[in-house]
Structure formats: C-alpha cells, structure tokens
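Proteins get letters first, then strands, A, B, ... in listed order; numbering begins at 1 in each. Small disclaimer: the values here were computed from a predicted structure and weren't measured.
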Amino acid sequence: MNYNFREIEAKWQKYWAEHETFKASNHSDKPKFYALSMFPYPSGAGLHVGHPLGYIATDIYSRYKRHKGFNVLHPMGYDSFGLPAEQYAIQTGQHPAITTENNIKRYREQLDQLGFSFDWSREVRTSNPAYYKWTQWIFIQLFNSWYNKTSDKAENIETLVSIFEKEGNANVQAACDDDTPTFSASDWNHFSAKEKQEILLKYRLTYLADTEVNWCPALGTVLANDEIVNGVSERGGHPVIRKKMTQWSMRITAYAQRLLDGLDKIDWPQPLKDSQTNWIGRSEGASVTFNVLDAERSRSDEGVISSAVEKSQKDVISGDGVTSSAVEKSQKDVISTPLNHPYQIEVFTTRPDTIFGVSFMTLAPEHELVAKITTPEQKAEVEAYVEATAKRSERDRMADVKTVSGAFTGAYAEHPFTKEPIPIWIGDYVLASYGTGAVMAVPCGDQRDYDFAKHYNIDIPNIFEGVDISEEAFADKAATIIANSDFLNGLSYKEATKKAIAELEKIGQGKGKVNYRLRDAVFSRQRYWGEPFPVYYVDGMPQMIALEHLPLELPKVEKYLPTETGEPPLGNATHWAWNTEQCTVVNNQLIDYKTVFPLELNTMPGWAGSSQYFNRYMDPRNNEAIFSKEAIDYWQDVDLYIGGSEHATGHLLYSRFWQKFMFDMGYVSKDEYAKKLINQGMITGTSAFVYRVRVTFLSVRFNEAGRISEQDNSFEEVVLVSKGRVEEHERTKDFSFLGKRLAAYIEGEFNELRQDQEIDDYECSIDFNPIRVKVKYVNASDELDIDSLKKDDEFGNEYSNAIFIGENGEEIYSSNDIYKVGREVEKMSKSKLNVVNPDAICEEYGADSLRLYEMFLGPLEQSKPWNTAGITGVSSFLKKLWKLYTPFFDTDAERSRSVTEAEPTADNLKTLHKTIKKVQEDIEHFSFNTSVSNFMICVNELTAQKCTSKSILEPLAILVSPYAPHIAEELWERLGHTESIAEAPFPTFEAKYLVESRKEYPIQFNGKVRFKLELPTDMDSKAIEAAVLAHEKTQEQLQGRAPKKVIVVPGKIVNIVG
RNA sequence: GCCUUGGUGGCGGAAUUGGUAGACGCGCUGGAUUCAAAAUCCAGUGUCUUCGGACGUGUGGGUUCGAUUCCCACCCAAGGUACCA
C-alpha cells in the first residue's frame, strides 16, 4: 500500500474542520499558550512560498504545545486594508471590498491546503466594519486622553479639565504641543467652548496638527519618502512639493521613554530591539539658546524688527522647523525672548561642557532662520547652496563624510558667556529633522565640525587639557579635562556638563534636556481603503461619534481618486455628513452646520488595524467591548509571535505604544503584549533574465569644423539572445556568436554604410538589456519555455513576435536549439516576476513535504534562497516513514498481532530516545531544520533495524506530527487510535536508553587525530592514559620520544603532546 | 558613513559548553533491478597527492594541548538607516 498524500491530506483537513480540532476555549484548566503569526495582507498575487515559512514554524510550535498539554490559541486573520486594493480599484473601478474578498478566498484555500492548526472561528479582518468599530473606538479613547508626566501615564482628559478649572495650566506636567500658551484658572473659565477645545487638542493623545507632506499635484496624492526619487515622483516623474496639511497625529513621543524601557522586559531579537532603540534615539545633553546679532538694526528698519519680535516667540522653539519634534514639550520650555534680539537659535548639544570651544554655528540648509538672517552679500551663495542641498537625499548626506560643503550666511550669533560673535554657517551635514536642525560647532571636539572648520579656515580653539588637536578632533569623553573655558577649567566631562548647564540656566539661555529622535506619528491618509475616522466637524473643531453609533462605515464613492479640489477620495462621497439628531450618516446636501455636519475625509493608516488585533483574537465576536475582561485575563498576552523584521519600526513599535495606552486605561493587564518574538528570514527568489539586443550604428562625417554628423540606426526588432551567446560576445566581441540572422543584419547595415560616399567612418555597438521573465517559464536547467512565454498575455503579448537566439546561435523555431536565461537571487516579489506559489508543490509532493522542506532549508531566522531541487529528499523521507508502518496495514490479524507485540530492541529504544531528546530540544530552540535531519536519521536507522515494534512507532508518529501532521494522523489511526493525534501526550525522554558502555576515543597527536581506540566509558583518566600510551600505534607515532603532556577528556578525546 | 546579520564542499546546510569539520538532504559517479525509462535499492563523493601524507570553515594575526567556535585587525555580501550635535 503506497503513501497517497492527496487522499490522506484531504481526509484529515476535512476531519480537523468538521471536528473543530483546533478550536481554543477561553475556559480551560490547562495552562494557556498563545502562538501568533503576523497576519498577511491578502494581495492579488496569492500566497508565495515565503509566507508559509513563519506560519509553519508557529504551527509546529502550537502543535507541540498541544502535545505538551497546553490550551493553545493559534489564530489567523487578514490585514485587509491597504494600498494595492485601492490602486486596483482606481484602475478597474472595482470596489476594493470585492477584490479583497476574492483575494482572501484564495489565501484561505492556500492556507487550508497546508494543514495549519488555526482556530478559524476567531478569524479577523481589519476591513470588516465589525472589526474596525473597535479601531475607531481606540481612536476615540486616545482622543479623550492626555499624558500626565507626573503620574507617567495616560489619563482621561476630564482630569486635565478639572486641573485647568482649579489652577490653570502653569503647573501641569503634560505631553503637549510646543505652542501651548500659559493660562490661569480664571483665563480657562472665561474661554469660550471653542477656545477650550482648541487648548485641549494640544494635550490629547491624538490631535490635529499642520504637518508637512510630500504633495504631488499631478497625481493629486501624498507620497511616501521612498516614492520620491530626486525630488520627483517615482511613478510618472512629476514634481513634488512640501505642503502643509491638517492631519491627525498620535502623541507617541509621550511614550518614548517607556517604549525604550519596555524593551528590557521582552525576549525579542536584539537587532530588532536595537533598531527600535535607535529609532527612539534618546540622548542626554542641553538645549542652548544663541542670540543672533542683529545686523539689520543698523539699517534702522524698525518696522521689520518689531514684527519679528512679535513672532519670535514661535521662532525660538521651532528650530526643528519641519515638523513637531520630539523635543520634550512643556510650557516651561518656552524661553522668554530678550527684546533686543530679533532671532534666536536653539541648539541641542550632548556636549554642553565644550561650550567654550564653539567657534561657529551650523544650521541645516532647510532651517527656517536661514532666509531671515542671511545678509544681502551672502544671499546668492546661500540660496545656491540651499538649492543644491535640496536635491540630495538625507541618506546621501549622512553617508558622505568625505566631502565638506557649506556656505556662510554673513550673520553672527553671540556666545552666551563670552559674548563674542560667532559666524553662522549652513552645512548639509546638519539635518533638519534631528534635534533643532542647528549645531553649536565645537571643532576641537567633533570630527565633522573639525573637518568643516579646516575646510573653511575657521578658528579651532583647543579647550582640552593636554590634548593635541592639530590632526583631528578629540571626542573621548572619559579622558576629557576642560581648559581655556573660564569657570569650567580643570573639570571632567561630567563635572563640566553639570556646571555648564547650571550656568546656562542662570542666564536663562539653556537647560539640561533629554532629546528623542522619535517624532509624533502622522495618522491621516488621503486614501479610500482604510478605516474612516469617527469624527465630524462643528465650527472647525473635531467631534467624536458616540460608541453606540459605531462603526462608522466607509461610504460608497464613484471613484477612488482625490477630488478635483484636491480633497481625499472620501470627498467624492455623496452621503458623508453626520446628522447629530438622528445619529446617522446623511446626504452632504443636508449639511446646515446646525444639526448636520461634515465628516472627516481622511482615513487611518495601515498600522491602525494591526495595533490591537492580537488582543481582539482573544474575543473576536464580542460586539459590546473590544474584548471581555474574562478573555484578556485568561489569555493575557502573546507567548510567541513570529513575523518578518521589516515591521521593526512600524507595526512593532506602534502596537507597543497602543498596548501601553490600553494598559494605562486599565483595559489590559500587560503593558507589553508579546513575551517572545522571532523574525523569520526572508525566502529569496531566483529571478530569470532574458537579454534583449540593442544595436546602435554610428555614422560619422567630417568637414572643416571637425566631426559633425552622427546618426543612430537602432535595430527595431525584439531579439533575445541566450545567456551563453551573450557571454561569448562579451568575451570575444564577435558578432557571429549572436546568430546568423543578427550577424547578417549587422553585415547588411555595414554594407549600406560603406556604400554611402559621404560617410567617413562608421561603427557599431551592441548592448544587452537584461529583462525579467516569469520564473514559471524556466526549468531547473535554466532553459526557457519559449512557447509558453510567447502566449503569456499579462503584459500584452510582448514576446509574441520576438526572435530567440539559442545557445548554439540558432534562431529558435521549435526544439532546434535551447534558450538559457540568466539568474539572480533577489527578494521574492510579484514585480520581480520570481514568485513561486506553494500550490504547484503541494499538488506534486503534498503539504507535509512542503512543510518539512521549508523547515529543512535552513535556520528559521536566516534568509535563504528558494530552490525546489531538494524537495525530493523530504518527499522520499515521508515514503520511507510510511513504509516503516506498513506491517500494521496488513489485514492478516495474526501477523498484525505479532507485530504489535514485538518487543523493542535496545537499538530501537536508543534510536527513539535519541530522537525524542533532539526533537524536543530543537523545537524549544526553534531549530526546526535540524529536527528534520534527525527524523531522517531516525527513520533510516529504524528501517535498517527492521523495527516493527508498536511501542517505538507510536511515539515516533507523535514526534513527527507537529511537522507533518497529515501523515502522522493517518499512521496514528492505522495504529488503531480513534481520536486525533493532536492532543496525544508528547513522548518522554528517558536517558537510560542512551547509556553507552564503550566509547571510541579519537587519539590526537599534537592536535591531529591519528587513530581511534575503543574504551569503556567508565574508565577514569589515568586508566585511559595508560591504555592509550600502551597502544602500539602510540609507540609508532612517538617513535621513541617521551610525550611532554597527555590531555585526557573522559568521554571526549585524548591528545598527546610531544 | 553608521547599525545589524552573515561568509564552512558543486548546492542548502550540520557541528548545543573550545574536543573526530563537512551530519542530513540535493547534485554527481559507479553498480543492481528493468526490454527501456521512471521509481526504488547498494556503494562512493572537501581539495591536492609521489598514496606516506599535506592542506582545508572569507583574509591576516593572537590565545590554547586543541579554534568553524574565544580575542584583535581587515575584506566581502545582504538587510536597515534616524547616527548625530
């Protein structure tokens, strides 16, 4: 009886579904275990072989934990809001909900095929109104909260209001906007309702702010940074401008420190923690205010100055200019402006101890003061520099440490202590997005400042005791002793820092500060396919829709593009107004600003729906609450979370932020939601390339003026040359390698050129443009299936008339020659045409083979290329495993009984227990690749031992079951069980079966193994040494020398030195 | 530039605390079976070799009786990038 995986896999998938084998209960006496895989975005390309890698790992662990007696929660769902569905809708007009539904169906079929032990009754979809009701609910909770720095947690906004009523905001320690004014209790009580709302918005954890976006007028949308290349849109090359837009933001900066501290409590990969730590970017130092010396004053343009003074309150703090920064915010940060200085520059420095070493200042070219302080003489130079900088990316600016560039503004700042003038420069090594976008440059203590000073001949005062700075800057904090620095002389880094800050505070020009790189998260998207905000506007102020009226469902729209007036797609909806009396969505025409108001037109970003989904799984059908208290109390948090590292600073940071907020509000009892996280490595694809020929002729004529006329004649036909031919040509430059047809063409063109009397010279150049083709048309020997490629019409039959030149230079008509493609390993993605779907492999080898093979490829956390060549290995392993059990399939009752009762031999037991030990250790260390090897070893050994003992084969089936569950269930049943194997107890390892009486010792001479000697394991070192030295081969090796030293490691090795 | 991860046969990879480098699988070679093929089974398979052995885990050093493993310096590849006042 053969192993028929098709029949078996279908049978057990049906069984599991019908028996709800993996349904998790919220009430159980068993210990709980919550195993989670990151849920997928259901794209149109379907699941590819990279997706299941993490799912299989989580599934193996889940199944293992069931065998170990845990109540396991192992859910799956879909992150189903997203851009691709919307873009498809824009192209085809089809509603994203429909395409999403279809894609989910396909994903579900593919997932079902792989035999995962998901509890499908808990499936969630972020685009489902019953789900996003709770995403909207959390948004409202955030809106109704502020961050109290004193209690160090989020609190209900009502507690803030009551403080305002009693004492105003002077003493409130809160995370809030920079420009929050100070007011008294009586001020507050006299504010109008709208003024109060405006103030509160500056404190809420989600708030409206004008933030700059990359606006592309031609596309009518906002673009992400990486959608912009060299200042124009990646798609279409349209210009992009910075535009201010009122958008929702999340005050994640309030949680910066807690997000940092929480990392110590969780078992996440260190690289991931590092990347979050760097993203948050904490640094300690001081903020220092430098007054700009007023060059304008002498021109007695008083009007300009006084208006500048009025606005200077703003200019002081907004050194970062671009967006709200993570500079710790509180009203106290506002430093009062001395009236005689129209402008001030605030810098953040980690080295306030070096303040007397400042010899210039550098502003980021984008710094908003640049235009204001630049003198007329320097204007042209500065503007040219600013323009040049705008073309460089931040990455480029950071990576380039070799070239020094900048420009002098002509303006000077005043040193806070010496009152000396300091020249103000701009330089692209200072980034606008970090700190305040301005640096107090201390060339003797910072290498980049040093290089800048050297380059522009700026003074480099030395403020370090006994340090030579003639060659490079000195940045060693520990060895620092300050000199030439007035009151800081003789102090260490620590002492001087403390003292400098104290002195700065005295003169009101600085204070100690912790700076975070993290910025508040923009939460609005100008898109259709996302969660609508439960928000309407009364008199320009946002109002929340009450919970009982949620979800606020996405309206129907005619088209998914922005409106002609540049509003987001929801601006196209005809029914998108809120009637506050009926509490329903009504026609926009009814808006009267009395009872009917406009609704918010933005939608939420991709990470909104994924920031609490792990908690929703605990109680996914609850319509009264996001989850019940019982459910969250039982499941608590995720025990194992597996997913890709690309989410390190997106999903994985924002979801921690929301969890901490939920914790502050008392909804969850853990402020970190995932105890352990593992990043599965990427499965890379092997892209295939064909080489399109481009032939260019150059004809040249000469006259008195020299070389005057050139003409290009390009070969128009699509000719694709096989890889071997391309390589030959590149080596030899011989055209004949390109095939007769092309060679004849080139010859013909040359002849024509020769006949043209007016041409003095001619040449021909050939290049090969590699173009990706779908990997499904390429076989394992890199040969291209030309007929199928020609028929492919996804991109409009682009190859139907192409000419293919094969390896032998033949033009391919049938099988007269073969075409070989070039290959390259890249990330697997639809756009690279290298996606391999699991379906075909499942069809040919079965799900169990695919599961084993994906694990067998290599360590889970490492990235590895996909290559199906090795799958026959695991497939034949499963056949061998099956064969081991065939005696049980015999209908002859007599024979079956004799098999059942066969006593296991010592070898059988040794093989089994060795495997139990290894597999258990492997699973617990997530080393799934090595356990597959060990199954192979185990089956090979048992086969060689002709093992037919039920007491061996029964536990073996359980060991295999997490990895290859279908075959394990089938074998389990054939062993006579009527219940599923899913909860059969994991076999217990017994060391006694592995005890060896003899050990084959490798005998080394000077570290090299020369022979082996079998000795009893209970022999002590002395006896081993004696036995080895007495051996004839030892004498042979030593050739009469006396050994200097003999190292005996009992049970391991013997090494003789001499 | 910086951060992270990695570099071992023709390929994927193994070696759990410093103790026989290359487990297991693919591929390849030879053989059995077969009319033949597929499938299956058996044997071999790091490189060089004067058949004694020598060399061998990115490179160069170091520690050690012994190093893929620990230390120092460097090279290369992939991923990330905000580095930093």
Side-chain angles (χ1 to χ4, degrees), chain A residues 269-275 277-281 283 285-286 288 326 347-352 354 361-362 364 394-402 429-431 433-442 445-449 515-519 645-646 648-649 679 681-682 684 780 825-827 852-853 856-859 861-877 879-880 883 918 921-922 925 927 929-937 940 1000-1012 1043-1049 1051-1058:
Chain A
Q270 195 55 43
L272 198 156
K273 288 188 184 181
D274 290 347
S275 113
T277 304
N278 293 334
W279 192 265
I280 296 166
S283 50
V288 184
V347 302
F348 174 75
T349 176
T350 52
R351 295 296 304 271
T354 63
M361 302 193 73
T362 316
E394 283 206 347
R395 175 92 42 87
D396 196 26
R397 283 163 62 178
M398 284 181 317
D400 185 6
V401 292
K402 288 188 192 105
Y429 76 101
V430 177
L431 303 176
S433 58
Y434 185 78
T436 62
V439 180
M440 60 170 226
V442 182
D446 182 285
Q447 193 57 43
R448 282 165 313 165
D449 294 346
N515 193 45
Y516 296 97
R517 177 69 190 82
L518 186 69
R519 280 172 259 170
S645 59
E646 66 271 23
T649 49
N679 288 132
M682 195 166 59
T684 48
V825 171
E826 300 181 292
K827 181 181 169 136
L852 282 172
Y853 187 59
F856 189 58
L857 276 178
E861 289 160 274
Q862 233 164 268
S863 81
K864 53 227 156 213
W866 179 256
N867 179 359
T868 45
I871 198 165
T872 53
V874 292
S875 166
S876 62
F877 156 73
K879 285 180 200 157
K880 285 184 211 165
K883 223 166 139 191
K918 184 73 178 132
E921 282 169 4
D922 284 347
H925 291 110
S927 172
N929 53 327
T930 49
S931 26
V932 178
S933 300
N934 278 282
F935 286 135
M936 291 174 174
I937 294 168
N940 288 347
E1000 192 181 47
Y1001 279 91
I1003 311 300
Q1004 294 184 335
F1005 290 82
N1006 299 320
K1008 290 188 198 306
V1009 179
R1010 293 299 170 196
F1011 68 93
K1012 285 169 189 173
K1044 287 188 193 126
K1045 200 172 175 184
V1046 180
I1047 291 118
V1048 178
V1049 185
K1052 289 253 159 107
I1053 205 162
V1054 178
N1055 191 10
I1056 297 163
V1057 187

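Remark: the separation of the C1' atoms in B:rA23 and B:rU16 is 14 Å, to the nearest Å. The separation of B:rG9 from B:rG22, taken at their P atoms, amounts to 14 Å, rounded to a whole angstrom. Annotation: B:rU69 and B:rA21 have their C1' atoms spaced 11 Å apart (nearest Å). Here the separation of B:rC71 from B:rU4, taken at their P atoms, is 14 Å to the nearest Å. Distance noted for atom P between B:rG1 and B:rU50: 46 Å (whole Å). Spacing between B:rC24 and B:rC41 at atom P, rounded to whole Å, works out to 15 Å. Nucleotides B:rU20 and B:rG80, compared at atom C1', are 40 Å apart to the nearest Å. Here, B:rC2 and B:rA73 have their P atoms 13 Å apart, quoted to the whole Å.
Across all strands, A:E861 comes closer than 4.0 Å to no nucleic acid atom at all (heavy-atom distances). In this structure, A:N1055 reaches the bases: a heavy-atom distance under 4.0 Å links it to at least one base atom across the strands shown. Residue A:V430 is classed as a base contact, given a heavy-atom separation below 4.0 Å to a base. Using a 4.0 Å heavy-atom distance criterion, A:V1049 is classed as a base contact. Here A:I1047 lies in heavy-atom contact (under 4.0 Å) with a base. Using a 4.0 Å heavy-atom distance criterion, A:T362 is classed as making no nucleic acid contact. Nucleic acid contact for A:P1002: base, since at least one base atom lies under 4.0 Å from a heavy atom of the residue. As judged by a 4.0 angstrom heavy-atom cut-off over every strand, A:P269 is placed among residues making no nucleic acid contact. When heavy atoms are screened at a 4.0 angstrom cut-off, A:S275 is found touching base atoms of the nucleic acid.
When the nucleotides B:rA21, B:rC84, B:rA14 are ranked by their closest atom to the side chain of A:R517, B:rC84 comes out on top. For A:S876, counting side-chain heavy atoms from C-beta on, the closest listed nucleotide (B:rC26, B:rC24, B:rG19) is B:rC26. Closest to the A:S933 side chain, of the nucleotides B:rG19, B:rA23, B:rG13, is B:rA23. The side chain of A:T872 approaches B:rC26 more closely than any other nucleotide in the set B:rG12, B:rU20, B:rC26. Closest to the A:K879 side chain, of the nucleotides B:rG6, B:rU40, B:rG25, is B:rU40. Of the candidate nucleotides B:rU4, B:rA14, B:rC41, B:rC41 has the atom lying nearest to any side-chain atom of A:K880. Out of B:rC84, B:rA39, B:rU20, the shortest distance to the side chain of A:R448 is found at B:rC84. Checking B:rU4, B:rG19, B:rU16 against every side-chain atom of A:I1053, the shortest atom distance belongs to B:rG19. Residue A:T930 has its side chain nearest to B:rA15 when only B:rA15, B:rA21, B:rA39 are considered. Comparing B:rG19, B:rC84, B:rC24 by their closest approach to the side chain of A:M936 singles out B:rC24.
At distances below 3.5 Å, not a single donor-acceptor pair connects side-chain atoms of A:S875 with backbone N or O atoms of A:I871. Side chain of A:K1045 to backbone of A:N1055: no donor-acceptor contact under 3.5 angstrom is found.
Annotation for A:Y429 and A:A441: closest pair OH-CB, 4.4 Å, computed over non-hydrogen atoms. Closest approach of A:K864 to A:Q862, counting heavy atoms only: NZ-O, 3.1 Å. For the residue pair A:M440 and A:R351, the shortest heavy atom distance occurs at CE-O, 3.7 Å.
The base-pairing partner of B:rG60, taking Watson-Crick or G-U wobble contacts with both distances under 3.5 Å, is B:rC72. Across the strands present, B:rU40 finds its partner in B:rA32; the criterion is a Watson-Crick or G-U wobble pair with both atom distances under 3.5 angstrom. Nucleotide B:rG12 is matched to B:rC24 when pairs are restricted to Watson-Crick or G-U wobble geometry with both distances under 3.5 angstrom. As the counterpart of B:rU81, B:rG1 is assigned, both hydrogen-bonding distances of the Watson-Crick or G-U wobble pattern falling under 3.5 Å. The partner of B:rU50, taking Watson-Crick or G-U wobble pairs whose two distances both stay under 3.5 Å, does not exist in any strand shown.
Rounded to an integer number of Å, the gap from A:D922 CG to B:rA23 C1' is 13 Å. What separates CD1 of A:I871 from C1' of B:rG25 is a distance of 12 Å, to the nearest Å. Between the CD atom of A:Q1004 and the C1' atom of B:rG18 there is a distance of 12 Å, given to the nearest Å. Here the C1' atom of nucleotide B:rU5 and the CD atom of A:Q862 are 8 Å apart, to the nearest Å. In this entry the distance linking CG of A:L857 with P of B:rC11 reads 16 Å, nearest Å.
When each of A:K883 and A:Q270 is assigned the nucleotide of RNA chain B with its nearest heavy atom, A:Q270 is the one assigned upstream, toward the 5' end. Between A:K1052 and A:V874, the residue whose closest nucleotide on RNA chain B is further toward the 5' end is A:K1052.
Base orientation of B:rG80: anti (glycosidic angle beyond 90° from 0). Look at B:rG62: its glycosidic torsion is beyond 90° from 0, and that puts it in the anti range.
Here A:N929 reaches the OP1 or OP2 of B:rA14: one of its side-chain N or O atoms lies under 4.0 Å away. Contact annotation: A:K864 does not reach the phosphate of B:rG12 (side-chain N/O to OP1 or OP2, under 4.0 Å). Applying the 4.0 Å criterion to OP1 and OP2 of B:rG25, one finds that A:N940 has a side-chain N or O inside that range.
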* To do: Decide yes or no on side chain to side chain contact (heavy atoms under 4.5 Å, CB included) for A:Y1001 and A:K1052, but give the supporting numbers first.
  => CA-CA 7 Å; A:Y1001 279 91; A:K1052 289 253 159 107; 5.8 Å; no
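No hydrogens or angles considered: a donor-acceptor pair under 3.5 Å links the side chains of A:T930 and A:S927.
For A:K918 and B:rU16, a side-chain-to-base donor-acceptor distance below 3.5 Å is present, hydrogens and geometry of angles not being considered.
Contact annotation: the side chain of A:N940 never approaches that of A:F877 to less than 4.5 Å [non-hydrogen atoms, C-beta and beyond]. Residues A:V288 and A:F348 form no side-chain contact, since every pair of their non-hydrogen atoms from C-beta on lies 4.5 Å or further apart.
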